[in-house]
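Input: a single structure, listed below in structure tokens.
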Amino acid sequence: MADNDVKNRSNAESGSDMKDLLSLFPRGYEKHFLVIYTILVPYVLGLLFFLFTIGEGIFYILSDIPYPVTWLVGYEVGAVLMLLYMLKNLFFGLKN
């Protein structure tokens, strides 16, 4: 019975306190790396999206796309990937 109670506790109750997320950042530089990740990850996702969908693998097409457009597209691609991951866990991640 006690094992079942532990499995049903939420992350907030278990005391994890985002320790897994903080392991991505070097100690003392969390704010700096959060800004770097916020800027670079959507930009790289946008570049990859443009490279393989619009550019068909041709690199010089990337020089014509402005930075804000690339970042916004990458942000949306990242959001769609996160939503798909959540839906996958919702439908296939539940085990009784």
Side-chain angles (χ1 to χ4, degrees):
M1 184 77 177
D3 290 332
N4 207 10
D5 292 337
V6 172
K7 290 179 184 176
N8 292 331
R9 290 171 56 182
S10 69
N11 286 339
E13 293 171 349
S14 67
S16 62
D17 294 308
M18 312 241 318
K19 291 178 186 174
D20 294 334
L21 180 62
L22 291 177
S23 66
L24 295 173
F25 308 125
R27 190 173 302 273
Y29 295 102
E30 292 91 353
K31 292 180 184 177
H32 301 291
F33 275 83
L34 185 60
V35 170
I36 290 170
Y37 290 157
T38 302
I39 293 171
L40 286 183
V41 170
Y43 183 69
V44 170
L45 284 174
L47 282 177
L48 291 174
F49 178 79
F50 282 134
L51 180 65
F52 292 114
T53 57
I54 296 171
E56 299 174 351
I58 302 169
F59 284 102
Y60 70 85
I61 193 75
L62 298 176
S63 63
D64 296 335
I65 303 169
Y67 174 80
V69 172
T70 305
W71 189 89
L72 288 171
V73 168
Y75 184 83
E76 293 301 322
V77 168
V80 166
L81 290 175
M82 283 193 275
L83 284 173
L84 289 174
Y85 178 74
M86 286 187 253
L87 287 173
K88 181 197 79 89
N89 283 340
L90 177 68
F91 292 117
F92 303 113
L94 298 176
K95 297 178 183 175
N96 291 328

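Since the structure is predicted, the reported quantities are computational estimates derived from the model, not experimental observations.
In the hydrophobic clustering of ILVMFWY residues, with side-chain heavy atoms under 4.5 Å counting as a link, Val73 and Val44 come out together. Clustering ILVMFWY residues whenever any of their side-chain heavy atoms sit less than 4.5 angstrom apart, transitively, puts Phe92 in a cluster other than the one holding Leu83. By the rule that hydrophobic residues join a cluster once side-chain heavy atoms approach within less than 4.5 Å of another member, Met82 and Tyr43 end up as members of separate clusters. Clustering ILVMFWY residues whenever any of their side-chain heavy atoms sit less than 4.5 angstrom apart, transitively, puts Leu48 in the very cluster that holds Trp71. The hydrophobic cluster containing Phe52 also contains Ile65, counting ILVMFWY residues as joined when their side-chain heavy atoms lie under 4.5 angstrom apart, directly or transitively.
In terms of modelled atom types and a separation under 3.5 Å, the side chain of Glu30 and the main chain of Gly28 share a donor-acceptor contact.
Of the inter-residue distances, the one linking Leu81 atom CG with Met86 atom CE reads 10.5 Å to the nearest 0.5 angstrom. To the nearest 0.5 Å, atoms OH (Tyr85) and CG (Leu90) are separated by 12.5 Å. Between atom CG of residue Leu47 and atom OH of residue Tyr67 there is a gap of 9.5 Å, rounded to the nearest 0.5 Å. With values rounded to the nearest 0.5 angstrom, Ile39 atom CD1 is found 10.0 Å from Leu34 atom CG.
Residue-environment remark: OH (Tyr29) stays at or below the threshold of 12 foreign heavy atoms within 6.0 Å. Around OH of Tyr37, the count of heavy atoms belonging to other residues, nucleotides or ligands within 6.0 Å exceeds 12.
Each of Phe50, Phe49, Tyr75 was checked for a side-chain contact (heavy atoms from CB on, under 4.5 Å) with Thr70, and the lone residue meeting it is Phe50.
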